[in-house]
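See below for the structure under consideration.
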Amino acid sequence: MNERKVRVRFAPSPTGPLHIGGVRTALFNYLFAKKHGGDFLLRIEDTDQTRYVPGAEEYIQEALEWCGINVDEGPKQGGPFGPYRQSERKALYNQYADQLIESGHAYYAFDTPEELDEARTSAEGKGATFTYNALSRGSMKNSLSLPEKEWKGLLNSPVHYVIRFKMPDNSDVTEVDLIRGSVTFNTSLLDDKVLFKSDGMPTYHLANVVDDHLMEITHVIRGEEWLPSMPLHVLLYRAFGWQGTMPRFTHLPLILKPEGKGKLSKRDGDKMGFPVFPLLWRDPVTGEPSRGYREDGYFADAFINMLALLGWNPGTEQEIFSLNELSEAFSLDRVGKAGARFDPEKTKWFNHQYFVKKSDKELGELFLPVLINKGIETDLQVAIKVAGIVKERCNFVSDLWDQSYYLFQSPATYDEKIIIKRWKDGVPEIMNEIAGFFESVGSWKGPEIKEPFSAYVTAKGWNFGTVMNSLRLCLVGGSFGPDIFEICEIIGKEETISRIRKAVETIKI
RNA sequence: GGUCUGUUCAUCUAAGGGUUAGGAUUCAAGAUUUUCAUUCUUGCCAUAGGGGUUCGAAUCCCCUACAGACUACCA
């Protein structure tokens with residue numbers, strides 16, 4: 001068993017966009033596979049036709065692609081164990097259900113949904129919970145309680161039936177979870193789960209076990225919400241006689257709301273203004289959009305990096321990891337047991353780290369379309385230059401404009417507070433003189449403006465700080481921005497002078 | 001209600017019986033940048049509570065509290 005090639009799968013249900021918790025499950029599966037030189041498969045679990053959402057499968061594919069999570073086998077990529085969509089494997093499951101019936105591990109049940117509801121509500125009335133199990137199945141309508149003639153007749157009639165797992169009475173099932181250790185369940189608390197639905201489709205439980213076996217999956221890494229069904233799955237492997245190749249199980253902790261209680265939901269994102277989906281999603285029915293990390297300006301590598309550190313840590317102080325580095329460093333035993341609260345602030349911090357690491361050229365190329373879109377006439381060289389000087393103060397490409405708009409347009413207003421602070425008596429005159437001085441400056445390069453300027457200000461006996469700050473007010477309309485002379489260089493000599501003259505005319509105390 | 005899982009600074013987490021309980025994010029202060037941001041330094045802040053076991057417990061055991069997941073012919 002140990003020498004089997006590692007094969008893991010991400011098995012989402014196409015009922016909507018992939019939530020970041022799902023992306024993290026996919027990521028951990030992927031990292032585990034890559035770490036061990038194994039395969040990462042994508043399997044679409046669409047056994048519930050009623051919950052099918054158009055576009056969801058495509059969304060999942062696209063989200064994984066954006067993240068750089070490469071699928072080795074899947075519906076789109078193909079592979080030797082296909083098809084990878086359970087609806088296309090429909091014909092396969094019958095024989096396995098039959099096999100369990102024949103071996104006495106499963107049985108036919110004819111109870112209608114209404115009858116089951118009734119059993120549940122009546123049990124509730126007595127303060128109990130109805131469980132379809134060894135204690136109750138004798139009084140229900142199934143092939144165990146009914147005379148053979150009767151249930152065989154029912155089988156051949158148009159009456160709908162399901163196939164249920166015959167849960168053993170009162171025996172302990174113990175199985176190891178790779179991050180939690182050994183977990184024990186008693187079967188008397190478990191119910192006779194439906195394996196095969198009356199619509200001819202298997203349920204998740206049957207399909208997942210059959211497919212994992214057929215696809216030679218070695219490790220099942222999934223969300224914590226599946227932990228309670230682990231004993232059923234283990235029992236199914238045993239019933240099929242597949243215990244020799246049964247995968248190892250691992251249940252990942254949940255991602256929790258940033259504040260308050262419970263697991264992270266779409267609502268939290270809407271409320272606090274951060275995305276919970278990797279990509280923008282538009283609900284096919286209502287048309288309502290949900291924000292995505294990609295569209296909000298996050299870099300895929302920063303997003304992935306953040307997700308990886310949510311619940312996992314390398315045991316060192318390294319925080320910045322490329323996908324390849326993650327694949328190297330990843331191990332399941334360094335995944336925490338407790339749910340992790342999601343922190344949108346730290347996500348921004350990660351993006352900032354990746355942002356400033358990018359070259360000015362890369363940033364300039366991303367910035368140029370933004371500028372053009374704003375109606376600014378400029379070129380790549382300027383975009384690169386500007387991106388380079390303001391990138392330290394940005395988290396996103398969109399911040400670039402907020403931090404540099406004054407380089408492209410003359411200030412429309414001047415900050416009142418700064419006017420009061422800097423626009424003292426005599427300042428307008430000094431500014432006029434400086435405008436005149438700038439006329440005489442020959443070479444218009446940052447450092448080459450600064451030197452004669454300093455000499456000039458010193459010779460005049462002006463206070464350097466006052467002059468600089470007032471000049472800044474004239475040029476950008478407030479007290480912010482990079483080095484004054486950098487600004488002068490970028491906006492050009494004429495614009496510099498004209499902004500000073502305009503400010504002197506406009507600003508009134 | 002029942003079953004299972006979990007609980008270290010506000011947040012993500014390290015420390016797998018012996019450290020002043022470490023790092024990162026956020027926040028605050030200082031330095032530097034004669035602006036803002038960056039950067040640097042510093043600060044604030046934690047073992048849920050109670051019992052054991054032990055020379056010694058965040059770490060092992062029990063109880064309590066709290067939290068979460070599950071409890072469908074959904075996955």
Side-chain angles (χ1 to χ4, degrees), chain A residues 11-15 45-48 50-51 86 109 111-113 116-117 120 124 127-132 160-164 177 179-181 183-186 188-191 193-205 207-208 222-231 251 253-254 256-259 261-263 306 309-320 333-334 336-350 352 356 389-394 403 418 421-422 463-473 476 478-484 487:
Chain A
S13 184
T15 53
E45 310 235 327
D46 54 353
T47 50
D48 185 359
T50 62
R51 295 210 307 160
Q86 288 182 331
D111 317 275
T112 64
L116 290 169
D117 272 348
R120 283 191 194 100
E124 225 170 271
T129 313
F130 171 75
T131 310
Y132 210 120
H160 286 304
Y161 65 89
V162 300
I163 295 175
R164 285 185 182 269
D177 175 290
I179 70 184
R180 276 155 233 280
V183 184
T184 301
F185 297 83
N186 188 288
S188 53
L189 282 332
L190 270 22
D191 62 345
K193 274 273 175 295
V194 171
L195 299 178
F196 211 85
K197 300 183 276 185
S198 60
D199 65 0
M201 283 293 242
T203 59
Y204 168 80
H205 301 291
N208 140 40
R222 81 237 285 200
E224 193 183 334
E225 66 271 25
W226 293 109
L227 191 52
S229 48
M230 182 168 74
H251 295 89
L254 264 18
L256 276 16
K257 296 176 185 299
E259 47 191 53
K261 306 161 192 279
K263 63 175 179 180
M306 173 281 293
L309 272 296
L310 205 55
W312 172 83
N313 80 84
T316 66
E317 286 181 2
Q318 185 179 351
E319 294 210 88
I320 303 300
D333 49 280
R334 294 213 66 95
K337 296 177 170 72
R341 218 172 257 280
F342 182 68
D343 183 357
E345 285 306 316
K346 190 133 187 187
T347 311
K348 282 185 196 159
W349 178 81
F350 272 110
H352 178 77
V356 297
I389 65 172
V390 301
K391 71 175 181 183
E392 282 291 351
R393 58 193 76 195
C394 298
Q403 296 297 338
I418 307 300
K421 197 169 165 190
R422 304 293 183 195
N463 178 292
F464 210 90
T466 310
V467 173
M468 291 292 277
N469 287 306
S470 306
L471 181 56
R472 179 175 293 279
L473 177 63
V476 307
S479 167
F480 49 80
D483 181 68
I484 288 272
I487 296 174

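Below, read A as the first sequence line, B as the second, and so on, with proteins coming before strands; counting in each chain starts at 1. Both backbone and side-chain heavy atoms feed into the values below; hydrogens, waters and symmetry mates do not. Computed from a predicted structure; not experimentally measured.
The partner of B/rU7, taking Watson-Crick or G-U wobble pairs whose two distances both stay under 3.5 Å, is B/rA65. For B/rU71, the paired nucleotide is B/rG1, the pair qualifying as Watson-Crick or G-U wobble because both relevant distances are below 3.5 Å. With a cut-off of 3.5 Å on both Watson-Crick or G-U wobble distances, the partner of B/rU47 is given as none. In this entry B/rA28 has B/rU42 as its Watson-Crick or G-U wobble partner, both defining distances falling under 3.5 Å.
Looking at residues two or more places apart in sequence or on another chain, you find no side-chain hydrogen bond (donor to acceptor under 3.5 Å, both in side chains) involving A/Tyr161. Checked against ring pair (Phe, Tyr, Trp, His ring centres under 6.0 Å), A/His352 has no partners two or more places apart in sequence or in another chain. A/Lys346 is linked by a side-chain hydrogen bond (donor to acceptor under 3.5 Å, both in side chains) to A/Glu319, counting only residues two or more places apart in sequence or in another chain. Partners of A/Lys348 under the salt bridge (charged side-chain N to carboxylate O under 4.0 Å, His left out) rule, at least two apart in sequence or in another chain, are A/Glu345. Listed by chain and number, the residues in a side-chain hydrogen bond (donor to acceptor under 3.5 Å, both in side chains) with A/Thr50 are A/Asp48 (sequence neighbours excluded). For A/Asp111, the side-chain contact (heavy atoms from CB on, under 4.5 Å) partners at least two apart in sequence or on another chain are A/Ala109, A/Glu115, A/Leu116, A/Tyr132, A/Met140, A/Lys141. Checked against side-chain contact (heavy atoms from CB on, under 4.5 Å), A/Ser479 has the following partners two or more places apart in sequence or in another chain: A/Ile418. Partners of A/Arg422 under the side-chain hydrogen bond (donor to acceptor under 3.5 Å, both in side chains) rule, at least two apart in sequence or in another chain, do not exist in this structure. Legend: residues meeting salt bridge (charged side-chain N to carboxylate O under 4.0 Å, His left out) with A/Asp117, ordered by chain and number and at least two apart, are A/Arg120.
Counting heavy atoms of neighbouring residues, nucleotides and ligands inside a 6.0 Å radius, atom CD of A/Gln318 exceeds 12 of them.
One P atom belongs to B/rU59, the other to B/rC4, and the distance between them is 23 Å to the nearest Å. Between B/rU8 and B/rA48, the two P atoms lie 6 Å apart (nearest whole Å). Spacing between B/rA58 and B/rA37 at atom C1', rounded to whole Å, works out to 40 Å. As rounded to the nearest Å, B/rA72 and B/rC12 have P atoms that lie 31 Å from one another. Comparing the same atom, C1', in B/rA24 and in B/rC44 gives a spacing of 16 Å after rounding to whole Å. Taking the P atoms as reference points, B/rG6 lies 11 Å from B/rC61, given to the whole Å. B/rU26 and B/rG43 have their C1' atoms separated by 14 Å, given to the nearest Å. B/rA57 and B/rG18 have their C1' atoms separated by 10 Å, with the value rounded to a whole Å.
To the nearest angstrom, P of B/rU26 lies 11 Å from CZ of A/Phe350. Following rounding to the nearest Å, A/Ile320 (CD1) and B/rG23 (C1') show an atom-to-atom distance of 14 Å. Protein atom CE of A/Met468 is 8 Å distant from nucleotide atom P of B/rU35, rounded to whole Å. Rounded to whole Å, atom P of B/rU26 lies 11 Å from atom NZ of A/Lys348. B/rA67 atom P lies 14 Å from atom NZ of A/Lys257, rounded to whole Å. Nucleotide B/rA75 holds its C1' atom 7 Å from the CD atom of A/Glu45, rounded to whole Å.
A donor-acceptor contact shorter than 3.5 Å is absent between the side chain of A/Ser198 and the backbone of A/Val162. Judged purely by atom type and a 3.5 angstrom limit, A/Arg341 has no side-chain atom pairing as donor or acceptor with the backbone of A/Leu256.
Residue whose closest nucleotide on RNA chain B sits further toward the 5' end, between A/Thr184 and A/Asn469: A/Thr184.
Within the nucleic acid shown, A/Phe185 comes within 4.0 Å of sugar-phosphate atoms alone, with no base atom in reach, counting heavy atoms only.
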I'd like a table of atom pairs between the protein and nucleotides 36-46 of chain B - only N or O on both sides, under 3.5 Å - with the distance next to each one.
from, atom 1, to, atom 2, distance (Å)
B/rC36, O4', A/Ser479, O, 3.3
B/rC36, O2, A/Arg393, NH1, 2.1
B/rC36, O2, A/Arg393, NH2, 3.4
B/rC36, O2, A/Gly481, N, 3.3
B/rC36, O2, A/Gly481, O, 3.4
B/rC36, N3, A/Arg393, NH1, 3.3
B/rC36, N3, A/Arg393, NH2, 3.1
B/rC36, N3, A/Gly481, O, 3.1
B/rA37, N3, A/Arg393, NH2, 3.3
B/rU38, O2', A/Glu392, OE1, 2.8

Might you list the N or O atoms of the protein lying below 3.5 Å from N or O atoms in nucleotides 7-15 of chain B, with each pair's distance?
from, atom 1, to, atom 2, distance (Å)
B/rC12, OP1, A/Arg341, N, 2.8
B/rC12, O2', A/Leu309, O, 3.1
B/rU13, OP1, A/Gly311, N, 2.9
B/rU13, O3', A/Asn313, ND2, 3.0
B/rA14, OP1, A/Asn313, ND2, 2.7
B/rA14, O3', A/Arg334, NH2, 3.3
B/rA15, OP1, A/Arg334, NH2, 3.3

Using the 3.5 Å cut-off, write out each protein N or O paired with an N or O of nucleotides 69-73 of chain B and the distance between them.
from, atom 1, to, atom 2, distance (Å)
B/rC73, OP2, A/Arg120, NH2, 3.4
B/rC73, OP2, A/Arg164, NH2, 3.4
B/rC73, O2, A/Ser198, N, 2.8
B/rC73, O2, A/Ser198, OG, 2.6
B/rC73, N3, A/Ser198, OG, 3.0
B/rC73, N4, A/Asp111, O, 3.2

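For A/Thr47 and B/rA75, the shortest distance from a side-chain N or O to OP1 or OP2 is below 4.0 Å.
Ring geometry, A/Tyr204 versus A/Trp226: the interplanar angle falls under 30°, so the pair is classed parallel (tilted spans 30 to 60°).
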